[in-house]
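Heads up, the thing below is written out as structure tokens.
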Amino acid sequence: MKRYDLIIVGAGPSGLSAGIEAAKKGLKVVVFDENAKPGGQLFKQIHKFFGSKEHKAKIRGFRIGEELLQEANDAGVEVVLNATVTGMYQDKEIIVRISDEMHHYKGDAIIIATGASENMVTFPGWTLPGVIGAGAAQTMMNLHGVKPGNKILMLGSGNVGLVVSFQLMQCGCDVVALVDAAPKVGGYGVHAAKVARTGVPFYLSHTIVKAEGEDHVTGVTIAEVDEKFQFIPGTEKHFDVDTICLAVGLSPMSQLLKMAGCVMEDNPKKGGQVPICDEYGETSIPGVFVAGDVSGIEEASSAMIEGRIAGVAAAKYLGYMDETELKGKVTELEHALESLRQGMFAPKNRGKAIEETEEGIAISKNLLKHGFVADDEIERFPGVTHKAGIHPVMECTQNIPCNPCQDACPKHCIKIGEKITSLPAVDESVDCIGCGMCVASCSGQAIFLVDETYEEGYATVTLPYEFLPLPEKGEKGTALDRSGKEVCEAEIVDIKTSKAFDKTNLLTMKVPADMVMKARFYKRA
Amino acid sequence: MNSINDRSRYIGEFVPAADDDMLICRCEEITKGEIRKAVHDGMFTLTEIRRYLRTGMGLCQGQTCAKLVKGIVARELGVSPAELEPVTSRAPMRPTEMKVLGKEVKEEE
Amino acid sequence: MANTADVIVIGGGVIGCATAYYLTKKGCSVLVLEGSDHIGNGGSSRNGGGVRQSGRDPRELPLAMYGIKNLWPTLSEELEVDCEYHQDGNLRLGKTPKHLEILQGLTDRAVACGLDVKMIDGDEVRRINPYLSNEVIGASWCPTDGHANPLTTTLGYYKTARKLGAHFITGEKVVELRKVRGILKQVVTANGNIYEADTIVLAAGLASRAIAGTIGIDIPMQSALLEALVTEAEPKMFDQMLGTAEADFYGHQTKHGSFVFGGSSGLEGFNKDNGTPICSSITASCICRGIMKYFPILEDAKIVRTWAGWMDLCADKVPVISKVEEVPGLVLACGFSGHGFGIAPAVGEQLARLIVDGTTDVDLTPLRYDRFKAKI
Amino acid sequence: METRIEEHPILGKQETGRLVTFYHDGKALQGYEGEPIAAALKAAGVMVHRYTKKEHKPRGIFCAIGRCTDCVMIVDGKPNVRTCVTPLKEGMKVQTQYGVSAEPEK
């Protein structure tokens with residue numbers, strides 16, 4: 001039987017990363033993936049990632065996928081696609097379906113990096129065509145170029161629900177509401193804010209009463225729920241929609257590990273059933289490792305680092321490096337992983353009610369309840385300052401592990417500091433040149449350039465814009481505030497596109513001076 | 001896991017609920033009410049529920065409903081879902097035609 | 001929780017559950033101790049569902065005939081679950097003259113016991129089941145055989161026995177039988193609990209050997225890992241139970257539409273495991289190849305699940321169903337050797353008769369525990 | 001309304017295969033060769049892939065990645081084909097699945 005040093009199941013961010021590290025140390029590595037394209041979910045992620053520069057921040061997910069794949073090819077990792085691992089047996093043997101044959105392979109080490117599957121919720125009508133998973137929506141629109149629907153209701157305000165809502169709008173769908181049974185937005189505030197400002201209403205403490213339709217979805221009714229998640233009579237709201245999108249969390253896809261006999265645990269903090277493993281990802285079966293979501297639900301950025309750790313650990317297991325080298329490599333990676341696991345959304349903080357930022361500033365209640373920071377809350381954050389002339393306004397209000405803006409400014413007027421989760425602050429002693437690099441670098445689309453003294457009675461707001469068609473210079477439309485409410489007329493005075501902005505266009509709109517701290521989005525007439 | 005489970009312990013009476021006709025297992029079309037009733041018939045483990053009702057035994061092998069079933073059974077038994085051992089995973093991970101499964105290849109080095 | 005009962009049944013498989021049910025119906029208080037976490041976790045939930053008489057050893061054939069005549073037809077109603085019992089015959093298929101010879105031998109012995117079974121040729125086989133390939137040249141045909149759903153049957157016995165008051169405890173692994181004042185009385189579990197009864201039924205499959213050993217009784221049996229698989233639901237094709245002379249596969253189409261097939265790779269008894277009945281990497285493929293020779297039409301049917309189970313293979317391939325005179329109070333029901341499901345209702349009912357009434361309707365003497373003798 | 005995304009603000013113009021004809025319940029439709037059958041059906045406005053066995057309820061795309069098996073149809077005579085992961089080919093015959101067969105149950 002054909003034997004590899006290392007077999008990796010899953011060519012997503014963690015699997016590819018593991019393969020790269022192991023192959024660099026000289027292991028003969030193969031990666032199997034059931035999909036036609038590698039990259040796991042990365043190729044469906046068209047937004048810019050968070051994190052630090054060293055770990056692919058501000059790069060769009062699918063580009064990270066391309067980079068990883070290139071790196072894997074360069075390292076000599078064999079990636080086999082359309083290859084479904086159907087079973088894992090004793091002696092680290094796997095069976096892989098490749099076209100119409102079952103191939104048996106053994107690995108001296110195996111890394112399982114199968115990722116996650118979507119959770120679902122039930123409501124009357126949840127089986128109707130038109131009720132789909134958020135992952136299905138991403139697959140349809142970002143891989144296959146087909147709109148998942150025209151009028152869509154999103155259930156779930158975690159990062160997936162927020163990001164997919166935005167993506168749906170980017171491909172031309174109308175998102176009529178974003179609904180979550182929880183009393184507050186689950187995902188990053190900045191993801192919520194960029195959805196809210198386009199006019200999508202957020203219904204927290206609401207959930208779906210029923211999906212309507214005979215042969216497919218034609219409408220949906222939602223209602224408010226009390227603390228015990230029971231419907232409050234009389235609060236029903238109806239929407240005409242053709243699609244309901246469910247984004248209610250992920251569970252580790254750990255079936256292969258269970259099948260192989262790894263000792264498992266049910267760990268709600270990790271999203272479900274995961275193998276018990278050590279700090280290197282090694283399971284109860286020596287030589288079988290895990291990395292990425294299959295070992296606990298996190299972000300793709302963490303998955304890539306976990307993959308690298310498992311990759312070097314497999315190399316050590318097979319004698320390709322010694323304990324000292326392993327320790328050295330892993331310490332560095334763990335440091336990076338640790339930095340990603342900081343902040344308000346860290347795994348350790350799941351379920352905790354956080355009232356203040358690390359800086360001691362009260363969290364925006366409105367952001368949690370409605371998806372946007374209220375006018376009377378925004379001024380208290382360090383990224384929001386005022387001065388004559390053009391300058392950045394950074395509406396970054398939660399501690400998340402992300403710092404590309406700091407490096408983006410050629411004048412170094414943005415400071416985050418050593419701690420990657422700190423809120424960005426403006427160094428007011430440095431003059432902004434209005435280049436817009438910070439606006440385009442912000443994965444959360446939370447940075448604006450404002451010029452409060454643009455001309456008599458008027459100010460300009462420069463905002464990130466990732467929709468088609470692009471407005472034209474001189475065109476007049478409407479400015480929307482953070483809540484998506486129309487607040488004033490706006491005229492486009494400048495549009496910047498640049499390779500360096502990576503598809504994020506910078507629109508500069510002229511608005512009445514008193515609207516400069518309100519107007520945050522542009523709607524074409 | 002092998003923890004003592006007294007099957008005669010009192011878990012309350014089966015009380016019909018408004019959403020008992022909610023479909024839970026999409027493949028085998030098993031409802032919430034059927035699952036709740038099965039718990040009261042003595043099916044205290046997810047494995048027994050699966051064998052008794054066929055939840056998770058359809059084409060998708062429980063990839064969609066496993067967590068939902070777990071929640072329902074846990075609530076009915078008055079335990080936390082994490083206390084319930086998930087059902088065993090079985091090969092093949094995806095439905096595989098007999099002619100394909102029967103065609104094995106063992107490449108040489 | 002009461003730790004005494006009239007009868008303690010060790011093993012919550014189909015034999016234990018059926019025995020508990022019939023005992024409870026007769027007014028006994030019954031305590032069932034199951035070592036694993038689940039009722040029916042051994043062969044009871046892993047077998048092919050055959051309810052056959054044909055192909056059986058004459059020593060256990062009367063039990064099979066008794067059950068099919070008296071118990072199976074009304075079992076679903078009695079247990080208030082759908083046991084999916086079908087009595088549409090059993091075809092034991094042959095592809096070579098050698099196979100036909102084996103089948104003829106089995107048939108002759110069964111006929112001698114009064115069973116309605118006969119040899120038929122290939123064309124007649126295909127009249128009964130038109131999907132079979134021309135490779136099939138003959139079969140034994142027993143029209144009163146059939147199949148049922150082992151999962152719902154086992155759990156149905158459990159459910160109904162429990163409802164009637166039988167006390168079941170799972171996760172309570174028995175490690176020792178103990179005498180009190182010279183008389184078998186106590187059952188000790190790995191958790192350190194002690195239960196007491198005057199009658200103890202040992203129906204723990206393979207585990208029975210070690211448990212019986214603690215009271216100085218040995219039943220010669222060993223484990224063999226068998227595997228089975230199930231397809232997606234298919235349109236209704238046939239109702240018969242199938243087996244082969246070569247024993248390369250057996251099974252049926254279920255009410256659900258899926259095909260449940262068991263089979264072997266030829267390495268059973270030598271396969272290693274990891275302490276759980278884990279499938280080997282080669283068996284399912286082998287079973288598929290075996291099936292396709294008989295049913296080429298099923299080549300596109302998709303396998304959705306495969307599983308394995310240990311059988312408690314007795315030295316002479318028939319079970320021990322017996323009181324133990326030298327240890328009064330001990331009743332054995334184990335060593336079913338991979339074909340216990342079909343006779344489970346009869347075994348349970350007859351054991352209840354034996355325990356409560358001291359007599360049985362079917363002669364169980366050939367299945368005594370002390371039948372094992374050296375060959376010369 | 002157009003369901004194909006002609007130009008995407010981030011992904012640009014979609015790469016597509018050759019436009020081919022396939023048949024849905026006998027009706028000729030067009031789709032791109034190699035895209036999942038489900039994508040071609042969705043673009044053509046087909047929502048219902050099958051009706052279930054017990055309750056005869058409609059089902060369509062749900063997970064779109066081959067796991068949930070809700071989108072199965074009869075493809076070239078074979079039932080239970082996961083249309084979301086099966087590439088479209090020219091001339092394919094795709095049929096609504098009723099239970100496990102191509103005919104509604106009486």
Side-chain angles (χ1 to χ4, degrees), chain B residues 1-11 14 25 27-30 34 37-63 73 83-106, chain C residues 1 12 32 34-41 45 80-81 150-152 154-156 158-159 161-163 165-173 189-191 193 229-233 256 258 276 279 281-282 284-292 295-296 298-307:
Chain B
M1 184 161 73
N2 290 42
S3 53
I4 294 191
N5 198 345
D6 179 355
R7 302 310 183 93
S8 300
R9 72 174 195 268
Y10 185 68
I11 57 162
F14 173 77
C25 171
C27 297
E28 294 296 311
E29 301 180 80
I30 314 287
E34 288 173 280
K37 192 81 183 21
V39 174
H40 289 271
D41 279 345
M43 311 307 148
F44 282 14
T45 70
L46 298 173
T47 298
E48 287 166 14
I49 293 281
R50 171 160 95 159
R51 291 172 178 165
Y52 190 62
L53 294 176
R54 294 194 53 82
T55 46
M57 274 203 192
L59 205 52
C60 94
Q61 290 292 297
Q63 306 226 35
V73 174
E83 287 175 49
L84 294 176
E85 171 91 4
V87 297
T88 311
S89 310
R90 306 227 183 257
M93 298 308 297
R94 302 284 178 268
T96 308
E97 296 83 350
M98 273 202 205
K99 68 178 177 200
V100 176
L101 193 51
K103 195 168 176 194
E104 291 174 279
V105 179
K106 287 183 185 168
Chain C
M1 144 169 95
V32 182
E34 164 60 37
S36 81
D37 285 327
H38 316 290
I39 296 294
N41 205 32
S45 59
E80 293 175 341
V81 297
L151 311 177
T152 55
T154 304
L155 292 168
Y158 157 64
K159 172 187 105 164
R162 177 178 171 272
K163 204 163 94 180
H167 189 174
F168 288 79
I169 303 173
T170 52
E172 189 69 306
K173 188 175 155 54
T189 69
N191 295 310
N193 294 323
L229 45 79
V230 62
T231 70
E232 63 196 325
H256 165 258
S258 53
T276 64
C279 290
S281 66
I282 55 170
S285 295
C286 174
I287 298 174
C288 287
R289 291 191 291 270
I291 294 165
M292 285 188 291
F295 284 111
L298 288 181
E299 64 169 22
D300 285 317
K302 297 180 203 77
I303 305 300
V304 295
R305 199 161 66 245
T306 60
W307 65 91

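Order of the sequence lines sets the chain letters (A, B, ...), proteins ahead of strands, with each chain counted from 1.
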Choice from [options] maximising heavy atom contacts with chain C below 4.5 Å:
| options | result |
| --- | --- |
| Arg50(B), Lys99(B), Met43(B), Met57(B) | Lys99(B) |
| Leu53(B), Thr47(B), Val100(B) | Thr47(B) |
| Cys27(B), Ser8(B), Ser89(B) | Ser8(B) |

Considering non-hydrogen atoms only, spot the tightest contact between [X] and [Y] and give its length.
| X | Y | result |
| --- | --- | --- |
| Val304(C) | Leu59(B) | CG1-CD1, 3.9 Å |
| Leu155(C) | Arg51(B) | CD1-CB, 3.8 Å |
| Ser285(C) | Leu101(B) | OG-O, 2.6 Å |
| Ile4(B) | Gly171(C) | CG1-O, 3.7 Å |

Counting only N and O atoms by type, is there a donor-acceptor contact under 3.5 Å from the side chain of [X] to the main-chain atoms of [Y]?
| X | Y | value |
| --- | --- | --- |
| Glu48(B) | Ile39(C) | yes |
| Arg305(C) | Gln61(B) | no |
| Arg162(C) | Arg7(B) | yes |
| Thr96(B) | Lys302(C) | no |

- Query: Considering the options Ile287(C), Thr231(C), Asp300(C), which one meets the side chain to side chain contact (heavy atoms under 4.5 Å, CB included) requirement together with Met98(B)?
  - Reply: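 Going through the options one by one, the only one that passes is Thr231(C).
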
- Task: Below 4.5 Å from any heavy atom of chain C, which atoms of Arg54(B) appear? Answer side chain, backbone, both or neither.
- Result: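 Contact with chain C involves the side chain of Arg54(B) alone.
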
Where on [X] is there a heavy atom nearer than 4.5 Å to chain B: the side chain, the backbone, both, or neither?
| X | value |
| --- | --- |
| Thr189(C) | neither |
| Val230(C) | neither |
| Tyr158(C) | side chain |
| Lys163(C) | neither |
| Ala233(C) | neither |

- To the nearest 0.5 Å, how far apart are OG1 in Thr152(C) and OH in Tyr52(B)?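 OH of Tyr52(B) is found 8.5 Å from OG1 of Thr152(C).
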
- In Å, rounded to the nearest 0.5 Å, how long is the span from SG of Cys288(C) to CD of Glu97(B)?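 Cys288(C) atom SG to Glu97(B) atom CD measures 10.5 Å (nearest 0.5 Å).
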
- Query: Out of Leu229(C), Thr276(C), Thr170(C), Asn41(C), which one racks up the most heavy-atom pairs below 4.5 Å with chain B?
  - Reply: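 That would be Thr170(C).
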
- Message: Other residues, nucleotides and ligands only: do more than 12 of their heavy atoms fall within 6.0 Å of NZ on Lys106(B)?
- Response: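 Yes, the 6.0 Å shell around NZ holds more than 12 heavy atoms from other groups.
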
- Donor-acceptor pair between Glu85(B) and His38(C) side chains, under 3.5 angstrom: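 Short answer, no.
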
